[in-house]
Novice: 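Attaching a single structure in structure tokens format; questions to follow.
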Amino acid sequence: MMSSACSPSDEAVKTEPPTPAPNPNSAPDNPNPQLDGDRRALVVYFSCTNTTKGIADRIASVAGSSTYRIKPETPYTYNDLDYNNSSSRANREQNDTSARPTIAGTPENLSNYDVIFLGYPIWWGKAPKIIFTFLESQNLAGKTIVPFCTSHSSGLGTSDTELHSSASQAEWKDGRRFSGDESEATVKDWIEGLKLNLNGNSDVGSFNLAAGANGNAPTVRLNSGYDMPIVGLGTYSLLGDVCVNSIIAALQRGFRKFDTAYMYDNEESVGEGIRRSGVPREEIFVCTKLYPNQYADAENAIDKALRKLDIGYIDLMLLHHPGANDVAAYKAMEKAAAEGKIRSLGLSNYYIKEMNGFLPEVTIKPALVQNEIHPFYQENDVIPYMHEQGIVVEAWYPLGGRGHTAEMLSNKTINRIAKAHGKSPAQVILRWNLQKGVVFIPGSSNPDHIEENISIFDFEITDEEMAAINALDRNEKHDWY
């Protein structure tokens, strides 16, 4: 009895195989998917007998996403899929490593999606060659690809990992095999276990502050898929042993995020403090920055930062300011991300005008933008713009900055609110940032101040108090950039 290369198994079936005709009772294909609200996932799949389509539909239902069916320009006929005929089309393609069946059409607006679920039937232990065609014909850099296959009894094997080289700049999740009758509950458990940011922008400006505790800041999931603590220690002006000791003191008090830069001249000290602390590297999130005078030779600058920090990899790298060759420098960072040297990319001192010009020029969307933000300079137009892009906003100078901190901490409104909560003015300002959806990196070498800055999770500023602090905005910038 003839069996089909599209059957749910790579073994010969005992009954007449289903034909490749679509199932009239299944939902129609979506040839031109559009973003579903804030959802950022797309289910892309190839299916001959609709087994894979059934799983794709269940994934789309759970993830709240759209689907796109890969269709060959020349459809497969019943004879094309004859398992027992070594000269059949499917057999020839699977035996030819260079075979790339032509696809009819491509999904629109693929650049808008961050997560791609990629489904296919197992063809003799492998993914059909048309899956390679799809991967190699799309720009998938910076996206998360979640492969899944359908089969009756065959395992996933290496069918998923063999696809990685066809989209090497994507982040690949481990593949999963499903039988054709897998329940939606099983699919849901699988998706939830992946911990994907399927809600797109909703997380970047709304933190689960209730999950935090003094000395233990919650995290925000970046659009890169990595989690970042929402409270960090800035290290500007901290040098040598002072910097090393500040890092150690901060780690002892619960900090897990640190911000440095080439121009701070302390990357070596930050790395030393981390290594000497005894805290496992994987628990720590480190950000550094390239300065404009490094942009023309960014690849070497990235390697130099890695050598100075000496902590294995960089969690987040930013461009410090807009400048000549900033797009080229960012593309070097994209390359480093594909090589595993950097996990997330971002920018500092970029505003709406700069972002409008920058974003169309790059492939990987920035995960974070770091700007001056404090009660006297609130960036109330910039923050929602960035959040709409799915970009986390981080404040430097959250307490006003050099020469201005004393005035801010003595402000009558802020002191009135601080007294009402039994907190310091600094703690009120930092809590105000978080409730506005802004993370921050205040700098300090004073262990008491360091502890104070992460002890802001046992009170909440009221709406009235938030409005009072919002009214302090003077559009008063305290540094030139």
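In this text the structure is predicted, and so the values were computed from the model without any measurement.
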Novice: Run Glu372 and His374 through side chain to side chain donor-acceptor pair (under 3.5 Å) and show every step you take.
Specialist: CA-CA 7 Å; Glu372 179 181 345; His374 47 72; 2.8 Å; yes
Novice: Rounded to the nearest 0.5 Å, what separates atom CE in Met386 from atom OH in Tyr351?
Specialist: 9.0 Å
Novice: With under 30° as parallel and over 60° as perpendicular, where do the rings of Phe255 and Phe258 fit, or are they tilted in between?
Specialist: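 Ring orientation of Phe255 relative to Phe258: tilted.
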Novice: For the pair Lys143 (side chain) and Leu110 (backbone), establish whether a donor and an acceptor sit closer than 3.5 Å, ignoring hydrogens and angles.
Specialist: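 Indeed, once roles are kept as given, a pair shorter than 3.5 Å links the two residues.
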Novice: Evaluate the side chain to side chain contact (heavy atoms under 4.5 Å, CB included) criterion for residues Ile417 and Ile469: first the C-alpha distance (whole Å), next the side-chain angles of each, then the deciding distance (0.1 Å), finally the verdict.
Specialist: CA-CA 9 Å; Ile417 296 170; Ile469 301 175; 3.7 Å; yes
Novice: When you compare the side chains of Trp396 and Asp479, does any donor N or O come within less than 3.5 Å of an acceptor on the partner?
Specialist: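 Result is no, nothing qualifies.
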Novice: Kindly give the heavy-atom pair with the smallest separation between Cys149 and Leu156, and that separation in Å.
Specialist: SG-CD1, 3.5 Å
Novice: Could you tell me whether Asp114 and Lys365 make a salt bridge, using a distance below 4.0 angstrom between a side-chain N and a carboxylate O?
Specialist: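 Judged by the 4.0 Å cut-off on N to carboxylate O distance, Asp114 and Lys365 do not form a salt bridge.
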Novice: For this output row, return yes or no: ring centroids of Phe358 and Tyr350 closer than 6.0 angstrom.
Specialist: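 Ring-ring flag for Phe358/Tyr350: true, centres closer than 6.0 Å.
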Novice: Determine, for Arg281 against Asp315, whether the closest basic-nitrogen to carboxylate-oxygen distance falls under 4.0 angstrom.
Specialist: yes
Novice: Of all residues at least two apart in sequence or in a different chain, which pass the side chain to side chain contact (heavy atoms under 4.5 Å, CB included) check with Ala60?
Specialist: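 Ala60: side chain to side chain contact (heavy atoms under 4.5 Å, CB included) contacts with Val43, Ser65, Thr67.
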Novice: Pair Ser455, Glu452 - check side chain to side chain donor-acceptor pair (under 3.5 Å), show working.
Specialist: CA-CA 5 Å; Ser455 300; Glu452 180 182 323; over 6 Å; no
Novice: How many angstroms lie between atom OG of Ser344 and atom CD1 of Ile364, to the nearest 0.5 angstrom?
Specialist: 9.5 Å
Novice: Measuring from Arg275:CZ to Ile284:CD1, what's the distance to the nearest 0.5 Å?
Specialist: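 Between atom CZ of Arg275 and atom CD1 of Ile284 there are 11.0 Å.
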Novice: Strictly by modelled atom types, are Tyr120 and Thr150 linked by a side-chain donor-acceptor pair under 3.5 Å?
Specialist: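 Note: Tyr120 and Thr150 side chains miss the donor-acceptor criterion.
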Novice: Which heavy atom of Ile103 sits nearest a heavy atom of Gly105, and at what distance?
Specialist: CG2-O, 3.0 Å
Novice: With ring centroids as reference points, do His320 and Tyr291 lie under 6.0 angstrom apart?
Specialist: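 For His320 and Tyr291, the ring centres are under 6.0 Å apart.
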Novice: For residues 236-245, dump all side-chain donor-acceptor pairs below 3.5 Å to protein atoms at least two apart in sequence or in another chain.
Specialist:
| residue | atom | partner | partner atom | Å |
| --- | --- | --- | --- | --- |
| Tyr236 | OH | Arg402 | NH1 | 2.8 |
| Asn245 | ND2 | Asp241 | O | 3.1 |

Novice: Check residues 301-313 and write down every donor-acceptor pair under 3.5 Å in which the side-chain atom is one partner and the other belongs to a residue at least two apart or another chain.
Specialist:
| residue | atom | partner | partner atom | Å |
| --- | --- | --- | --- | --- |
| Asp303 | OD1 | Lys341 | NZ | 2.9 |

Novice: Donor-acceptor check, side chain of Tyr330 to backbone of Leu319, threshold 3.5 angstrom: yes or no?
Specialist: no
Novice: Which atom pair, heavy atoms only, marks the closest approach of Leu42 to Pro107?
Specialist: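 Closest heavy-atom pair between Leu42 and Pro107: CD2-CB, 4.4 Å.
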Novice: Is there a side chain to side chain donor-acceptor pair (under 3.5 Å) between Asn470 and Trp432 once you walk through the steps?
Specialist: CA-CA 9 Å; Asn470 291 342; Trp432 168 80; 2.9 Å; yes
Novice: Could you walk me through whether Phe457 and Asn216 pass the side chain to side chain contact (heavy atoms under 4.5 Å, CB included) test, one step at a time?
Specialist: CA-CA 9 Å; Phe457 297 103; Asn216 185 12; over 6 Å; no
Novice: What heavy-atom pair brings Val428 and Ala418 nearest, and what distance separates the two atoms?
Specialist: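 Scanning both residues completely, I find the closest heavy atoms to be CG2-CA, 3.5 Å.
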Novice: Would you compute the distance between atom CG of Asp259 and atom CD of Gln370 and round it to the nearest 0.5 angstrom?
Specialist: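 If I round to the nearest 0.5 Å, the distance is 4.5 Å.
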Novice: Do Thr462 and Glu465 have side-chain N/O donor and acceptor atoms under 3.5 Å apart?
Specialist: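 Side chains of Thr462 and Glu465: pair found under 3.5 Å.
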Novice: Can you list the residues that meet the side chain to side chain contact (heavy atoms under 4.5 Å, CB included) rule with Ala167, with sequence neighbours excluded?
Specialist: Leu135, Leu140, Ile145, Ala170, Trp172
Novice: Would you please say whether a donor-acceptor pair under 3.5 Å links the side chains of Thr260 and Thr288?
Specialist: no
Novice: Can you tell me how far the CD1 atom of Ile429 sits from the CG atom of Leu434, to the nearest 0.5 Å?
Specialist: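 It comes to 12.5 Å.
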Novice: With rounding to the nearest 0.5 Å, note down the distance linking CG in Asp326 to NZ in Lys331.
Specialist: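 It comes to 11.0 Å.
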Novice: Counting N and O atoms only, with roles assigned by atom type, does the side chain of Arg253 sit under 3.5 Å from a partner on the main chain of Ala249, one being a donor and the other an acceptor?
Specialist: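 Judged by distance alone, yes, a pair lies under 3.5 Å.
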Novice: Would Asn371 and Tyr397 count as a side chain to side chain donor-acceptor pair (under 3.5 Å) if you check the C-alpha gap in whole Å, the side-chain angles of each, and the deciding distance to 0.1 Å?
Specialist: CA-CA 8 Å; Asn371 289 343; Tyr397 278 2; over 6 Å; no
Novice: Does Asp160 reach the main-chain N or O of Pro147 with its side chain, forming a donor-acceptor pair under 3.5 Å?
Specialist: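 Checking the backbone N and O of Pro147 against the side chain of Asp160, no donor-acceptor pair under 3.5 Å is found.
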Novice: Salt bridge check, Arg474 against Glu407: does any charged N sit closer than 4.0 Å to a carboxylate O?
Specialist: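 Yes, Glu407 and Arg474 are salt-bridged.
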Novice: Who passes side chain to side chain contact (heavy atoms under 4.5 Å, CB included) against Arg176, sequence neighbours left out?
Specialist: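 So Arg176 forms a side chain to side chain contact (heavy atoms under 4.5 Å, CB included) with Phe178, Thr186, Trp190.
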Novice: Check this for me, if you would: do Arg58 and Glu182 make a salt bridge, where the nitrogen-to-carboxylate-oxygen distance has to be below 4.0 angstrom?
Specialist: no
Novice: Identify the heavy atoms of Ile274 and Leu251 that sit nearest to each other, and give their distance.
Specialist: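 Closest approach of Ile274 to Leu251, heavy atoms only: CA-CD1, 4.4 Å.
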Novice: Check the pair Glu394 / Val438 against side chain to side chain contact (heavy atoms under 4.5 Å, CB included), numbers first and verdict last.
Specialist: CA-CA 5 Å; Glu394 183 169 72; Val438 176; 5.8 Å; no
Novice: Hey, is the main chain of Ile414 close enough, under 3.5 Å, to the side chain of Asn411 for a donor-acceptor pair?
Specialist: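 Checking the backbone N and O of Ile414 against the side chain of Asn411, a donor-acceptor pair under 3.5 Å is found.
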Novice: Can you check whether Glu299's main-chain N or O pairs, donor with acceptor, with Asp297's side chain at less than 3.5 Å?
Specialist: no
Novice: Please test Lys257 against Met228 for side chain to side chain contact (heavy atoms under 4.5 Å, CB included), starting from the C-alpha separation and ending with a verdict.
Specialist: CA-CA 8 Å; Lys257 183 192 172 185; Met228 182 189 77; 3.5 Å; yes
Novice: Kindly give the heavy-atom pair with the smallest separation between Ile230 and Thr219, and that separation in Å.
Specialist: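 Minimum heavy-atom contact is CG2-C, 4.0 Å.
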Novice: Among residues two or more places apart or on two chains, list those pairs meeting salt bridge (charged side-chain N to carboxylate O under 4.0 Å, His left out) that have a residue in residues 411-424.
Specialist: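 Found Lys423-Asp458.
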Novice: For Pro425, does its backbone N or O pair with a side-chain atom of Asn415 as donor and acceptor, under 3.5 Å?
Specialist: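 Looks like no, no N/O pair under 3.5 Å.
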Novice: How about Arg431 and Gln427: does a side-chain donor come under 3.5 Å of a side-chain acceptor?
Specialist: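 No.
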Novice: Taking the six-membered ring for Trp, are Phe459 and His421 closer than 6.0 Å centroid to centroid?
Specialist: yes
Novice: With a 3.5 Å cut-off and no angle check, do the side chains of His478 and Glu476 form a donor-acceptor pair?
Specialist: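 Checked: His478/Glu476 side chains pair up, N/O donor to acceptor below 3.5 Å.
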Novice: Where the side chain of Glu334 meets the backbone of Val362, is there a donor-acceptor pair that is under 3.5 Å apart?
Specialist: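 Between the backbone of Val362 and the side chain of Glu334 there is no qualifying donor-acceptor contact (under 3.5 Å).
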Novice: Just do the salt bridge (Lys or Arg N to Asp or Glu O under 4.0 Å) check on Glu339 and Lys335 with the steps written out, would you?
Specialist: CA-CA 6 Å; Glu339 295 168 349; Lys335 180 174 180 288; 2.7 Å; yes
Novice: Test your reading of the model: is there a side-chain donor-acceptor pair from Gln378 to the backbone of Pro375, 3.5 Å cut-off?
Specialist: yes
